[in-house]
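Read the numbers this way: they start at 1 and go in the same order the structure lists the ligands and their atoms.
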Amino acid sequence: MKALVIAAFLAVAFADPKVYLREQFDDGDEWKNRWVESKHKSDYGKFVLTAGKFYGDAEKDKGLQSSQDARFYSMSTRFNSFSNEGETLVIQFTVKHEQSIDCGGGYIKLFPGELNQEEMHGESSYNIMFGPDICGPGTKKVHVIFNYKGKNHLINKDIRCKDDEYTHLYTLIVRPDNTYEVKIDNKKVESGSLEEDWDFLPAKKIKDPEAKKPDDWDEREKIDDPEDSKPEDWDRSEHIPDPDAKKPDDWDEEMDGEWEPPMITNPEYKGEWKPRKIDNPDYKGKWVHPEIDNPEYTPDSSIYKYDSNGVLGLDLWQVKSGTIFDNFLITNDEKFAEEVGNETWGVTKDPEKKMKEAQEEEERKKREEDEKTMKDEIKDEGEGEEEKEEDDEDEEEEEEEENEEETDTNLKDEL
Ligand SMILES: [Ca+2]
């Protein structure tokens, strides 16, 4: 018995992860046999296989790169269709916007197996859309959209995506207990419950339509003190004639009219009288609309479930092309996905960064050299002019000397 339990435990602990899709583009042009371009439009942008301008590994970092600006892209790959009922579903891939993207999608769509890949387009019904989307400074988010009963639902939370030029690992985990987790670079950035973070279901509670605030419900916390009354000496004008003003001696009433002192602000003016405030003895607090169970609400323990998952598609628009997609993985094992992430993106990310930094350093040096060459050229020309000026000065001095000599001669002559 004990042995059986241990065996069962081991079977669970070391259960082989199910891998529905793993695409790393490491077999040359073979990917072309696995990926299908949609024929829905005739001018889709082309994906090419490349590791890009900089990379951590020239072979491993090869992925699908969008190669034409301002195009729609529509390609997909099929795998054995499966239901994720009772299982965790993990979708993972890497995205590298090495072109420093201004506007464009970096997400995938998970389609049901019945999708006709040659007919795939923006309106094709999908199960899940997941990944980064950037457009200007205003949109830099990770989409997590689920199709629930024929309608697409966006997450209510804002998950910021990476907007630099390096490769990043995006992971979505959907669990059979209707919880989810989003990770970027193998670090959790968001998690929670499907029911709470999407509007799949109507609200559990609604305001009781029968309930109404009673007419005599007093919500005033403070009231005017009825005992308080305005003091008799309160009323004083805001402005009074200046008591210190004197009629000027040269005031001519016939010419200037009757003299009136200028008005000044009355120092004794007290403003508008207001009774003092006291606590309202009838205050009942803010009225809270009572809630009742929403008759429209029915719990659903299978929000996470899709009976058929069979195609992964890149169906997106890019203004500036150059994004590289790689390391696609669909599995039922989040730990396995994490390990795969560490073995792929985790291994090449640092060398990739190094290579880019080295390229930038190279460019910086070249720029400095170019600037120096340009400065030297300008300097050479400038020096020529300076020499010419010096010559002019010498000539002037000589002329002055000559003039002095002449004067001397003249003086001598006069003497
Ligand atoms: Ca690859």
Is F25 close enough to the Ca ion (ligand 1) to have an N, O or S atom under 3.0 Å?
-> no

Answer key: the N, O or S atom of D326 nearest to the Ca ion (ligand 1) is OD2

Report yes or no: does A51 have an N/O/S atom closer than 3.0 Å to the Ca ion (ligand 1)?
-> no

Dump the intermediate steps for side-chain hydrogen bond (donor to acceptor under 3.5 Å, both in side chains) on T331 and D333, then the final yes or no.
-> CA-CA 6 Å; T331 176; D333 189 326; 5.8 Å; no

Would you kindly say whether Y107 and D315 are connected by a side-chain donor-acceptor distance under 3.5 Å?
-> no

Angle in degrees, rounded to 10°, that O of K60 and O of K62 form at the Ca ion (ligand 1) = 110°

Check whether any N, O or S atom of T344, backbone or side chain, sits closer than 3.0 Å to the Ca ion (ligand 1).
-> no

Flag side-chain contact, heavy atom, 4.5 Å: K183 against I173 | yes

N-O pairing of D26 and K62 below 4.0 Å = no

So, E87 and N84: side-chain donor and acceptor under 3.5 Å apart, yes or no?
-> no

